Amino acid sequence: MPIHIYNTLTRKKEPFVPRDPGRVSIYVCGITPYDQSHLGHAVPSIIWDAIRRFLEYQGYTVHLVQNFTDVDDKVIRRAQETGENALDVSRRYAQEYLETMDALGVKRADVYPRVSQEIPAIISLVEGLLEKRHAYEVDGDIYFDVSSYPAYGQLSGQLLEELETGTRLAVDERKRNAMDFALWKSAKPGEPAWDSPWGKGRPGWHIECSAMALKYLGNHLDLHGGGVDLVFPHHENEIAQSEAYTGEPPFVRCWVHNGLLQVKDEKMSKSLGNYTPLSELLKEYSAAAIRFYVLSSHYRSPLQFSEEKLAEARRGWERLSAAVTNLQQLVQALKDLPETDGTDEKVPGLRELAEAVRFSRGKFIASMEDDFNTASGIAALFELARSVNTFADQMAEMGDAKKQESLPILEEALAVFLELGGDILGIIEPGLPGADSSELVEGLMDILITVRKRAREQKDWTTADFIRDELSSLGVVLEDSPLGTRWKL
RNA sequence: GGCGGCAUAGCCAAGUGGUAAGGCCGAGGUCUGCAAAACCUCUAUCCCCAGUUCGAAUCUGGGUGCCGCCUCCA
């Protein structure tokens, strides 16, 4: 099955065929860095991270570009409030954004272009549009003439006439058409400005994405992403100006929009002030748990946020996560077993386990191929977790030979978790519990567990429970599984 | 007013024609010295109405409710 992706432009799932075989070009609308990042910003980052990793897993070479709109009304306003230089403000928040995304395990894009660094590309794009009479100048401002581009409205399904009558803002009298939008704004005092053929000024809002996308990814990108709130007017305008400029539609082969994060039925946004900074959330929740929460619903659905929901997601994630670390420990223990001569006897449940491994991998891949259905993919991992746990429960009664016989299948199961849940979704963290603790700690834990084991053998429950309780108060949990005692922090 | 989208159990959430994945919470059970973990069992006919069909959560029409966009926003 080829990958199918829902294309906002056609409102259908379409087979994914990249322009160049084996290579995928992706442009994702980035943030306007004027304040702290919140979960709403992380949603597209996490989603696109998963998409990108999946495409790479499938063998594609991905070229990912994500911009920073660092020259913008809000950045300027913030700078004026704090008395800073606008570019210093955006640089600081852009840096914070990148660090936060790192903390969330989001792989970096190949390029993070910034408006302030791309002025020449923007100017030449505006010049081209003027030459082709898709734009006009009024007092140092340049506007895009929407009437010059007949397909305007194709992405959002809006008709130009309807848009005009529905305009909520007072229309600038100097514009030819109410929907015309600024490509270039003449300089105002105190604002960052650059020289241009039309005097000092700065780019309008939409033009930068076209300029950067065309510059870094060419005239026909494979995928262009962003939140649904950007469909109109931002992406609509991007299409108009890009295609008017290149004369080679389509600018984008497939438009991909994610649903918005909502808080109490409103979208989370800086302007509504209903957000928790990501830096705060990351103190409470692991990156993997946050990713799990975001990826446990489909990317196009709106996602309801609340601490309770995040905490609920974390409980689910913990079970999955625990299943994997237990499996890792089990595989390790089996490898340490003394050599046996093997056995001809059938290992009960092993065939079923092998089947479950095969099924889960297949279901996961098929889910991701079907419009990146991460929710369904995660379900496949849970199903495998249960199969593995069931099998592990049965292993207590097996001899060493049968246990060793099971090792290859268990390793395969582990590989499924690590590759699909780990490498692709980033919700499974490899590494055994306490793997980062010192050898001394490891050694001491072994001693404590052995002492407790001896106490239990002599039914000295007081000593056994004392060890467990004291460790517990230090945050170390002991679990007596049929295959031995394991510990975790 | 216009344009998009959504509506599945107490909660979260998959599922686009064949008789409801998965997770959380809850109840009962198995295992265990106890605990924890794990496993097993149980909990929905899919917002309403009409229609198409042998058959619909899934398609069509009409309602109702909610969200997003039309102004900066991922």
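A, B, ... follow the sequence lines: proteins, then strands. Residue 1 opens every chain. The structure displayed is predicted, hence computed values, not measured ones.
Relative to the side chain of A:H298, the nucleotides B:rA74, B:rA14, B:rC70 differ in distance, and B:rA14 lies closest. Closest to the side chain of A:E383, from the set B:rA13, B:rA21, B:rA74, is B:rA21. Side-chain proximity of A:R456 to B:rG33, B:rA74, B:rC12: nearest is B:rG33. Across B:rG68, B:rC39, B:rA74, the shortest atom-to-atom separation from the side chain of A:T390 is found for B:rC39. Each of B:rG5, B:rA14, B:rA21 was ranked by its minimum atom distance to the side chain of A:R11; first place goes to B:rG5. Closest to the A:A375 side chain, of the nucleotides B:rC11, B:rA14, B:rA38, is B:rA14. Considering only side-chain atoms of A:L260, the nucleotide from B:rA14, B:rG68, B:rA37 that sits closest is B:rG68. Distances from the side chain of A:F232 to the nucleotides B:rA37, B:rA74, B:rC69 place B:rC69 closest. Of the listed nucleotides (B:rA36, B:rG33, B:rG68), B:rG68 has the atom at the smallest distance from the side chain of A:D229.
Residue A:S301 places at least one side-chain N or O closer than 4.0 Å to OP1 or OP2 of B:rA14. Put simply, A:R315 has a side-chain N or O that comes within less than 4.0 Å of OP1 or OP2 on B:rC25. Note on A:R468: every side-chain N or O is 4.0 Å or more away from OP1 and OP2 of B:rG33. For B:rC40, the OP1/OP2 oxygens have a side-chain nitrogen or oxygen of A:R386 closer than 4.0 Å. Within the structure, every side-chain polar atom (N or O) of A:R486 is placed at least 4.0 Å from both OP1 and OP2 of B:rA37. Side-chain nitrogen and oxygen atoms of A:N389 include at least one within less than 4.0 Å of the OP1 or OP2 phosphate oxygen of B:rC39.
Figure legend. B:rG55 is base-paired to no nucleotide; pairs are counted as Watson-Crick or G-U wobble with both atom distances under 3.5 Å. The partner of B:rA9 cannot be assigned: no Watson-Crick or G-U wobble pair with both contacts below 3.5 Å exists in any strand. Pair assignment for B:rA74 gives none, since no Watson-Crick or G-U wobble pairing has each distance under 3.5 Å. Pairing of B:rG17, defined by two Watson-Crick or G-U wobble distances under 3.5 Å, is not identified with any nucleotide. Across every strand in view, B:rU41 sits in a pair with B:rA27 that passes the Watson-Crick or G-U test at under 3.5 angstrom. Across the strands present, B:rA50 finds its partner in B:rU60; the criterion is a Watson-Crick or G-U wobble pair with both atom distances under 3.5 angstrom. Under the Watson-Crick and G-U wobble criteria, each requiring two contacts below 3.5 Å, nucleotide B:rC3 is paired to B:rG68.
Distance A:R319 CZ to B:rA38 P: 6 Å, rounded to the nearest Å. Summarising the geometry, the separation between CG on A:L303 and P on B:rA74 is reported as 17 Å, rounded to the nearest angstrom. For the pair A:F372 CZ and B:rA14 P, the interatomic distance rounds to 16 Å; values are reported in whole Å. For the pair A:E312 CD and B:rG22 P, the computed distance is 16 Å after rounding to whole Å. Across the protein-nucleic acid pair, A:W255 atom CH2 and B:rG5 atom P stand 17 Å apart, rounded to whole Å. Distance A:K13 NZ to B:rU58 C1': 12 Å, rounded to the nearest Å. Remark: P of B:rC70 and OH of A:Y152 are 11 Å apart, rounded to the nearest angstrom. What separates NZ of A:K12 from P of B:rC59 is a distance of 15 Å, to the nearest Å.
A gap of 40 Å separates the P atoms of B:rU16 and B:rA36, to the nearest Å. Rounded to a whole angstrom, the distance from the P atom of B:rU64 to that of B:rA57 is 24 Å. The same atom, C1', is picked in B:rC49 and in B:rA56; the two are 15 Å apart, to the nearest Å. The gap from the C1' atom of B:rA74 to that of B:rC69 amounts to 14 Å, rounded to the nearest Å. Taking atom C1' in both B:rG17 and B:rG28, one finds a spacing of 38 Å when rounded to whole Å. Remark: the separation of the C1' atoms in B:rC46 and B:rA7 is 10 Å, to the nearest Å.
Stacking here means ring centres nearer than 5.5 Å and ring planes tilted less than 30 degrees, and by that measure A:F382 does not stack onto B:rG23.
Under the salt bridge (Lys or Arg N to Asp or Glu O under 4.0 Å) rule, A:R452 has a single partner from A:D446, A:D469, A:D480, A:D460, which is A:D480.
As judged by a 4.0 angstrom heavy-atom cut-off over every strand, A:G40 is placed among the base-contacting residues. Contact annotation for A:K459: no contact, since no heavy-atom pair falls under 4.0 Å across all strands. Here A:G225 lies out of heavy-atom contact (under 4.0 Å) with every strand. Across all strands, A:L478 comes closer than 4.0 Å to base atoms (heavy-atom distances). Among the atoms of the strands shown, base atoms are found under 4.0 Å from some heavy atom of A:R452.
Judged by atom type and distance alone, A:D393 does not reach the base of B:rC40 through any side-chain donor-acceptor pair under 3.5 Å. Evaluation of atom-type donor-acceptor distances gives no pair under 3.5 Å for the side chain of A:Q262 against the base of B:rG68. The base of B:rG15 is not paired with the side chain of A:N373 by any donor and acceptor separated by under 3.5 Å.
Judged by distance alone, the side chains of A:N67 and A:T69 do bring a donor and an acceptor atom under 3.5 Å apart. Side chain to side chain, A:N373 and A:Y299 fail the donor-acceptor criterion of an N or O pair below 3.5 Å. Checked by atom type, the side-chain pair A:S210/A:Q241 shows a donor-acceptor distance below 3.5 Å.
Sequence order on RNA chain B of the closest nucleotides to A:V231 and A:D72 puts A:V231 first from the 5' end. A residue-by-residue look at A:D465 and A:G316 shows that A:G316 has its nearest nucleotide of RNA chain B further toward the 5' end.
At a threshold of 4.0 Å, the pair A:E479-A:K488 counts as salt-bridged, since one of the basic side-chain nitrogens sits closer than that to a carboxylate oxygen. Under a 4.0 Å N-O distance rule, the pair A:R108/A:D102 qualifies as a salt bridge. Between A:D70 and A:R91 there is no salt bridge, since no side-chain nitrogen of the basic residue lies less than 4.0 Å from a carboxylate oxygen of the acidic one.
Taking CG of A:L320 as the reference point, atom CD1 of A:I428 lies at 4.0 Å (rounded to 0.5 Å).
Scanning all heavy atoms of the two residues, the minimum distance from A:G153 to A:E236 falls at N-OE2, 3.0 Å.
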